[in-house]
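Please read the structure below before turning to the comments.
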Amino acid sequence: MGKFFDELKKNYRQSRSVKFYADKLCVTPGYLATATKRATGKTVSEWISKYIVLEAKALLTRRDMSVQQISYRLNFPNQSFFGKYFKKATGQSPNEYKNRCKEK
C-alpha cells in the first residue's frame, strides 16, 4: 500500500482515475481496488477524494485564491464540476466553505 500512497501524494492533483494509479503501479485497476479496500477499509476513489478535498479545504482558506483558481489548480475541467465534487464530499459549496473560514 505504501507505493499507492506515494503515487497518490505525487499525483492527486493530476488524476482522479483508479486506472491512472493502477498503471503507475503496474497492476490492474481491479487488483488495486481489492488490495486497497482490504488493507485500509476504503476504496481507491475514497482515498483520492480525501486527498483532493483536504487540499481544496486548505486552498479555500487562502484569501488570495478564487474558487476558479483552486479548481484549475486541482485539475478540474471547470469551476462548476469542482463545486459539485466539493459539495458532494463536504455537504457545502466551495464558496460556503470559503466564507465560513473568513468568519473565523
Side-chain angles (χ1 to χ4, degrees):
M1 286 291 57
K3 290 181 182 182
F4 164 65
F5 287 110
D6 290 343
E7 289 300 329
L8 182 58
K9 287 174 192 172
K10 286 190 283 188
N11 297 296
Y12 69 92
R13 288 185 189 123
Q14 180 182 345
S15 180
R16 293 179 292 279
S17 162
V18 175
K19 183 178 180 338
F20 173 86
Y21 294 97
D23 289 347
K24 287 275 190 189
L25 298 170
C26 300
V27 298
T28 66
Y31 176 83
L32 180 60
T34 301
T36 302
K37 181 74 172 181
R38 190 175 296 145
T40 69
K42 292 184 181 182
T43 66
V44 174
S45 295
E46 286 173 321
W47 281 112
I48 295 167
S49 180
K50 182 176 180 151
Y51 271 71
I52 291 168
V53 170
L54 283 173
E55 177 75 0
K57 285 180 174 181
L59 294 171
L60 287 165
T61 63
R62 294 177 55 174
R63 296 179 190 269
D64 64 331
M65 290 187 79
S66 69
V67 173
Q68 184 172 0
Q69 289 170 317
I70 294 166
S71 69
Y72 177 76
R73 183 169 180 172
L74 294 175
N75 202 27
F76 283 88
N78 56 54
Q79 183 177 339
S80 175
F81 189 78
F82 169 65
K84 289 175 187 172
Y85 186 94
F86 189 85
K87 186 162 189 168
K88 182 178 179 185
T90 66
Q92 56 190 331
S93 74
N95 281 323
E96 289 169 338
Y97 186 86
K98 191 171 187 66
N99 291 334
R100 193 186 86 205
C101 290
K102 283 181 187 177
E103 294 170 0
K104 290 183 177 181

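Atom CZ of Phe5 sits in a crowded spot, with more than 12 heavy atoms from other residues, nucleotides or ligands closer than 6.0 Å. Atom CD of Gln68 is surrounded by 12 or fewer heavy atoms from other residues, nucleotides or ligands within 6.0 Å.
Separation of atoms NZ (Lys24) and CG (Asn11) is listed at 5.0 Å; rounding is to 0.5 Å. The line from CZ of Phe20 to CG of Leu8 is 10.0 Å long, rounded to the nearest 0.5 Å. Atom-to-atom distance recorded for Tyr72:OH and Met65:CE is 11.0 Å, nearest 0.5 angstrom.
Judged by distance alone, with hydrogens and angles left aside, the side-chain atoms of Ser49 form no donor-acceptor pair with the main-chain N or O of Ser45 at under 3.5 Å. Panel note: side chain Tyr21, backbone Ser15; a donor-acceptor pair is recorded below 3.5 Å. In this structure, Lys98 contributes its side chain and Arg62 its backbone to a donor-acceptor pair below 3.5 Å. Between the side chain of Glu46 and the main chain of Thr43, a donor-acceptor pair closer than 3.5 Å is present. No donor-acceptor pair under 3.5 Å is formed between the side chain of Thr34 and the backbone N or O of Tyr31.
In this structure, Thr36 and Lys42 have side chains that are not in contact, with every pair of non-hydrogen atoms separated by 4.5 Å or more. Tyr97 has its side chain out of reach of Val53: every pair of non-hydrogen atoms, C-beta onward, lies at least 4.5 Å apart. Side-chain atoms of Leu74 and Tyr85, non-hydrogen and from C-beta on, never get closer than 4.5 Å to each other. At least one side-chain heavy atom of Thr40 sits less than 4.5 Å from a side-chain heavy atom of Trp47.
Between Ser66 and Gln69, the shortest heavy-atom contact is N-OE1, 2.7 Å. When all heavy atoms of Cys101 and Thr61 are compared, the closest pair comes out as SG-CG2, 3.7 Å. Closest non-hydrogen pair, Val67 versus Pro94, comes out as CG1-CB, 3.8 Å. Contact record, Ala35 with Met1: O-SD, 3.8 Å, taken as the closest heavy-atom pair.
Judged by the 6.0 Å distance and 45° axis criteria, Arg16 is not positioned over the aromatic ring of Tyr51.
A salt bridge is absent between Lys10 and Asp6: the closest approach of a Lys/Arg side-chain nitrogen to an acidic carboxylate oxygen does not fall below 4.0 angstrom.
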